[in-house]
Undergrad: 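There's a structure below that I have some questions on.
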Number of protein chains: 2
Amino acid sequence: MAGSKKSAESTGNRPATSSDVARLANVSQSTVSRVFSDTCKLSDETRKRVLEAAKQLGYRPNKIARSLVSNRTNIIGIIVMNNESPFYATLTNLMITACRKFGFCSMVIRQTPGEQGIDAVTRALDYRVDGIVVTAIEDSESASEICRQSSVPLVLLNRYIAGAGVDSVCCDNLEAGSLAAQYLLDKGHRSIACLMGDAAASTTRDRLAGLRSKAEERNVSIDWVEYGSYSYESGREMCRKLLADGKRPDAIFCSGDIIAFGAMDVLRYELGLRVPEDISVMGFDDTAETAWASYNLTTMRQPYEELVETACQLLVRRIEGKGSGVVRSLHACRLVERGSVQSLQPE
Amino acid sequence: MAGSKKSAESTGNRPATSSDVARLANVSQSTVSRVFSDTCKLSDETRKRVLEAAKQLGYRPNKIARSLVSNRTNIIGIIVMNNESPFYATLTNLMITACRKFGFCSMVIRQTPGEQGIDAVTRALDYRVDGIVVTAIEDSESASEICRQSSVPLVLLNRYIAGAGVDSVCCDNLEAGSLAAQYLLDKGHRSIACLMGDAAASTTRDRLAGLRSKAEERNVSIDWVEYGSYSYESGREMCRKLLADGKRPDAIFCSGDIIAFGAMDVLRYELGLRVPEDISVMGFDDTAETAWASYNLTTMRQPYEELVETACQLLVRRIEGKGSGVVRSLHACRLVERGSVQSLQPE
DNA sequence: ACGGTTTGTGCATACGAATGCATTATAAAA
DNA sequence: TTTTATAATGCATTCGTATGCACAAACCGT
């Protein structure tokens, strides 16, 4: 008497198929399919019967089978670096939510250590994802090439490749760097040190370039620049190295908040300096932790929602074939003033 | 003369299929399939010819089609709450990596606001994922029920449902709570307040229960307990509320690090108290931020890698049909002593 | 040289849903 | 009532891969 308790007629524990439903509802498999994709006119009577049968069997369309014939998986591949920073976590989370909003599921692929970025992309392509978002892998260029070969749309989020015909969505790092410089200069800072993340990333380079050009415009030269990576530990190391030579800049610009956290902690707890009284620190990204009272970090806010929304929209438009030329979408950052930068100006 | 530049013979920009390869290599489609699944003996000569043709066409097996016939997607669904805490971010990231190690891709599904947890699970099931890991959704019970109906293995990570026949992997929250109590008591603390996360979660309840039982064993009663959620803001609010009545406990136990961060910041920057000199704070999880010098939080470390590895292994074993009875896997936590708890004992 | 075994390959079909086309039932028009 | 248009449904095929079965070739021992 097993299984008689369930209200659904068992199909032997294998999920019900459209044919099972068809049989029960006394219609053809095509009709069932049409009820669930509702592409076509159907009598209310039939629709009702089918839906009832479906409910009884617990039927749900098999998206895998559907994908095979329609050549559309409704999956977006999200490729992320093997990076633990809160910034990427936030970006990834928002991206998943955005994809969902557009009706897509997310296959998240993390580049495993030792793996080429292109392999991560290939893994996604094997599942015939409809589109790919890359938030920072090393060899974006080859990734973009292999996507073009498979004619799968690709969007770079928070990265940019000059010249390559790839869509990208970034904040305007040049302008943001410039704004940061302007802010620090306006506050009276003249000797500005920079603790930068990965030197190879376009974001890193642009932020510094923007900062530098604005500073030079005001006849201030940026001489103290350290490179490392976007991590707390790297922030600490760069900060130690910077101040080891006895250098005492007015302010330290960090190209990522997490670098700033490391730097602040070294300043306060290893060097006994006060932030911002003795030395000012500025971050970049506006991750959640910046607002925490211990840091209270003045930073440039990246417009997360806007970036992610745009990337997703762009990707979806491409997926639907509504592509035009290569898009490079740039978004303004906004300065969020908290308490880590001191004014050296007499008011 | 378009397309003649590519070395690969173009198949009209549609990804090459096994039939395309078969045609080029002068073998049947079956043979191509066999080369790529290598289930069967094949002459070296044939294999070489096929692989060459495949390379020339840029052929990679279509995992969607493969899934359809083999009834195996090699995808694991990872269901996560709409939660921004670093703890879940870490857990999710590690889970993705672990799945990959076992040869699975990850479909990450975030419960969207207003959505039932069961709907998130259903979305995964629609893609016929081979297994599902749930790291905290509200209605785990119904989720488990619908997985059973589809006979898709399910593992709860960091959650536990008493009685329900669901596999789960947790740290031993009872014991961990007890260890925390023991530590605080040994340090001489007698009035211990508790700032807890979501009251409905098994983790929250067990941590408190463990703490309480150990305390009572030593004739200390735990009278000050606040409930909230696992977030920085909630930590702040609970802390304010706790101390508003003029209460001054020796120590505050927080059921999550992020709660502790909020609490510490209120203590230090709103109430002007020193941690640990005036009041001790203890956390739970050992997220990355605990080691940051600003917090330097003494906490209970969850064995992340072990938890994730176990969950994944368990799931994979179930997927391969090697299931036995219901498994409840418990893992010991370890106290990580940093600088946020003061000793009240004369040494 | 012959029956028997092994090895390598092809043929045909299945997986579950979507869809162009044919067919039937129904309604509207003449 | 007959004709034509229209709406509703079924039939057959397709997507790309895997696999049971049949078959051919090669090898083996006697």
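To find a chain, count down the sequence lines: A is the first, B the second, and so on, and within it residues start at 1.
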Undergrad: When we call it a touch if two heavy atoms are under 4.0 Å apart, what does Ser30(A) touch: a base, just sugar-phosphate, or nothing?
TA: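 Base, at least one base heavy atom under 4.0 Å.
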Undergrad: Could you state the NZ-C1' distance from Lys63(B) to dT17(D), rounded to the nearest angstrom?
TA: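 Lys63(B) atom NZ is separated from dT17(D) atom C1' by 13 Å.
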Undergrad: With nearest nucleotides of DNA chain C determined for Val69(A) and Leu42(B) from heavy-atom distances, which residue corresponds to the more 5′ nucleotide?
TA: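 Going by which nucleotide is closer to the 5' end, it is Leu42(B).
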Undergrad: Distance check: side-chain N/O of Ser18(A) vs OP1/OP2 of dA17(C), anything under 4.0 Å?
TA: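 Yes, within the criterion.
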Undergrad: Where the side chain of Ala65(B) is concerned, which of dG10(C), dG16(D), dA17(C) is the nearest nucleotide?
TA: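 Nearest nucleotide to the side chain: dG16(D).
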Undergrad: Is there a side-chain contact between Ser43(A) and the phosphate of dT9(D), meaning an N or O under 4.0 Å from OP1 or OP2?
TA: yes
Undergrad: Side chain of Arg14(A), heavy atoms from C-beta onward: which of dG10(C), dA18(D), dG16(C) has the nearest atom to it?
TA: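 Nearest to the side chain of Arg14(A) among the choices is dG16(C).
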Undergrad: Looking at Glu115(B) and Arg123(B), does any basic side-chain N land under 4.0 Å from a carboxylate oxygen?
TA: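 Here Glu115(B) pairs with Arg123(B) in a salt bridge, since their nearest N and O are under 4.0 Å apart.
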Undergrad: Out of dA12(D), dG10(D), dT17(D), which nucleotide sits closest to the side chain of Ser19(B)?
TA: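 Output: dT17(D).
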Undergrad: Taking atom C1' of dA14(C) as reference, at what distance in whole Å does atom CZ of Arg72(B) sit?
TA: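 My rounded result for the distance is 19 Å.
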Undergrad: Is the distance from OP1 or OP2 of dG16(D) to the nearest side-chain N or O of Tyr127(A) less than 4.0 Å?
TA: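 It does not, given that no N or O in the side chain of Tyr127(A) lies less than 4.0 Å from OP1 or OP2 of dG16(D).
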Undergrad: Could you tell me how far apart Ile64(B) (CD1) and dA17(C) (C1') are, to the nearest whole angstrom?
TA: 13 Å
Undergrad: Measure CZ/Arg128(B) against P/dT17(D) and give the value in whole Å, please.
TA: 21 Å
Undergrad: Nearest-Å distance, CG (Asp20(B)) to C1' (dG16(D))?
TA: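 Rounded to whole Å, this separation is 10 Å.
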Undergrad: Determine the contact category for Ser33(A): base if any of its heavy atoms lies under 4.0 Å from a base atom, sugar-phosphate if only primed atoms, P, OP1 or OP2 are that close, otherwise nothing.
TA: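 Base, at least one base heavy atom under 4.0 Å.
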Undergrad: State plainly whether the residues Arg72(B) and Asp130(B) are in salt-bridge range, i.e. N to O under 4.0 Å.
TA: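 A salt bridge links Arg72(B) with Asp130(B).
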Undergrad: Whole angstrom is fine here: how far is it from CD in Gln29(A) over to C1' in dC15(C)?
TA: 12 Å
Undergrad: Over all strands shown, is Val32(B) touching base, sugar-phosphate only, or nothing at heavy-atom distances under 4.0 angstrom?
TA: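 Here Val32(B) touches no strand at all.
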Undergrad: Any Lys/Arg nitrogen of Arg14(A) or Asp20(A) sitting under 4.0 Å from an Asp/Glu carboxylate oxygen of the other?
TA: yes
Undergrad: Any side-chain heavy-atom pair from Ser106(A) and Arg100(A) closer than 4.5 angstrom?
TA: no
Undergrad: The side chain of Arg34(B) lies closest to which of these nucleotides: dA17(C), dT17(D), dC11(C)?
TA: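 Side chain of Arg34(B) sits closest to dC11(C).
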Undergrad: Using whole Å, what does the distance between atom P of nucleotide dG8(C) and atom NZ of Lys48(B) come to?
TA: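 My rounded result for the distance is 16 Å.
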Undergrad: The test is ring-ring contact (aromatic ring centres under 6.0 Å, His included); show your working for Phe87(A) and Tyr304(A) and say whether it passes.
TA: CA-CA 10 Å; Phe87(A) 172 71; Tyr304(A) 293 93; 5.8 Å; yes
Undergrad: Between Phe36(B) (CZ) and dA18(D) (C1'), how many Å, whole number?
TA: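 So the two atoms are 14 Å apart, to the nearest Å.
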Undergrad: Would you kindly say whether Thr73(A) and Arg128(A) are connected by a side-chain donor-acceptor distance under 3.5 Å?
TA: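 Absent: no donor and acceptor within the cut-off.
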Undergrad: Contact class for Leu68(B) vs. all strands (heavy atom < 4.0 Å): base, sugar-phosphate, or nothing?
TA: base
Undergrad: Report the residue (Arg60(A) or Val27(B)) whose heavy-atom-nearest nucleotide on DNA chain C is the more 5′ of the two.
TA: Val27(B)
